[in-house]
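One structure, as structure tokens, below. Some questions next.
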Amino acid sequence: MSVVRGLDKAMKNIFESIRKNWRKIISAALIFLVIFAVLFWAVNLDFGSKTPAKTYSSDSFSGKLGEDFQKKIGATDVYQLAYNEWADYFELPANFAKYDDDPDGDGLPNYLEYVHATDPTKADTDKDGFTDRQEITNGYDPDAPGDAKPKVDIEIKKMQIQVPMVWSETEDENAMLEDLKNGIIHFPKTTAPGQSGNMVVSGHSSNYIWAKGSYNYIFKDLDNLAVGDTVDVKTVQKNGRAIVYHYKINGFKKIVSPDDPVIFENTAEPTLTLSTCWPLGTNFRRLVIKADLVK
Ligand SMILES: [Ca+2]
Ligand SMILES: [Ca+2]
Ligand SMILES: [Ca+2]
């Protein structure tokens, strides 16, 4: 009995003490909650750039792109980690690590994320508001914010030329003539290297002898190209990733008027249309030669 009475008394004392000190107790509880919340926030805080960034870079790549990739995109000469090492690096779970999987849902399958060195776990690697796929499909650099485009060079071994490609922004004739001083020009609204559709480029076959520029005769031998000759289109992204697309002359060769729709005719497959003024020394007609992407 005395034990029960003792407990009873102790309980009464506790309640009495709570009744007298409830303000202090609530204050202490609140302080505890605040401290707990701050600690929880700090532990779970994403410190963003303060955490060491992953050091994935194209400089550390070794090994050549396998034949399986060449068949998919028609490109070789991409040097980087082996695909499985790359997938491990980004910690892709096994059920999302296959070539055609798309863990970030940007519409760009893993094998293209791998080839372009974009992040397979982020839809918009460079955070410019356009997904990796949108950028690549439309010729933009997926790993450089804004409207940056990859640097492009075109090599035609048969003609012994290697020439920069200028992304012309308008079809204004004077602007294009200005662009032609710096290489061959890519027509706006036509497709980008390696992409489905018709990519149209044009270079000078001749120019006034007093005209400035190093590329005034760059396409003077275009007529010599024959079926099977290769045209290599090399794109270099800001992240250093270089991709070389190989096209082969497909036998289409015509001399047409400058506004002939055959020049810009769209195609389902990736094709390349080369055009230049013809005959040499005039600008009344266009020599048009077409090539297909080799996969
Ligand atoms: Ca993707
Ligand atoms: Ca991505
Ligand atoms: Ca982007």
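Whatever order the structure lists ligands and atoms in, that order sets their numbers, starting from 1.
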Problem set entry | Backbone of Asn224 reached by a side-chain donor or acceptor of Lys158 within 3.5 Å | yes

Problem set entry | Minimum-distance N/O/S atom that Asp119 presents toward the Ca ion (ligand 2) |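 That would be atom O.
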
For this session: Just the protein N/O/S atoms under 3.0 Å from the Ca ion (ligand 1), please, no waters.
Result: Asp102 OD1, Asp104 OD1, Asp106 OD1, Leu108 O, Glu113 OE2

Exercise. When you check the side-chain N and O atoms of Asn198 and Thr273, is any donor under 3.5 Å from an acceptor?
Worked result: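 Asn198 vs Thr273: donor-acceptor pair found between side chains.
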
Exercise. Residues two or more places apart in sequence or in another chain: which of them pass ring pair (Phe, Tyr, Trp, His ring centres under 6.0 Å) with Trp278?
Worked result: none

For this session: Nearest 10° is fine: what angle sits at the Ca ion (ligand 3) between OD1 from Asp126 and OE2 from Glu135?
Result: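 Between OD1 of Asp126 and OE2 of Glu135, the angle at the Ca ion (ligand 3) is about 90°.
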
For this session: Just do the side chain to side chain contact (heavy atoms under 4.5 Å, CB included) check on Asp221 and Gln160 with the steps written out, would you?
Result: CA-CA 10 Å; Asp221 297 326; Gln160 295 181 315; over 6 Å; no

For this session: Decide, yes or no, whether a salt bridge links Lys157 with Asp232 under the criterion of side-chain N to carboxylate O below 4.0 Å.
Result: yes

Could you pull out all donor-acceptor pairs under 3.5 Å where a side-chain atom in residues 187-195 meets a protein atom, sequence neighbours excluded?
residue: Thr190; atom: OG1; partner: His186; partner atom: NE2; Å: 3.3
residue: Thr190; atom: OG1; partner: Phe187; partner atom: O; Å: 2.8
residue: Thr190; atom: OG1; partner: Val200; partner atom: N; Å: 3.2
residue: Thr191; atom: OG1; partner: Ser196; partner atom: O; Å: 2.9

Exercise. Residues in ring pair (Phe, Tyr, Trp, His ring centres under 6.0 Å) with Tyr215, at least two apart?
Worked result: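 For Tyr215, no residue satisfies ring pair (Phe, Tyr, Trp, His ring centres under 6.0 Å) once neighbours in sequence are set aside.
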
For this session: Could you pull out the atom name of the N/O/S atom in Asp124 that is nearest the Ca ion (ligand 3)?
Result: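 The atom in question is OD1.
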
Exercise. What is the minimum heavy-atom distance between Phe219 and Ile161, and which atoms define it?
Worked result: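 Of all heavy-atom pairs spanning Phe219 and Ile161, the closest is CE2-CD1, 3.8 Å.
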
For this session: Identify, by name, the N, O or S atom of Asp128 lying closest to the Ca ion (ligand 3).
Result: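 Checking each N, O and S atom of Asp128, the shortest distance to the Ca ion (ligand 3) belongs to OD1.
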
Exercise. Between the Ca ion (ligand 3) and Pro145, is there an N, O or S atom separated by less than 3.0 Å?
Worked result: no

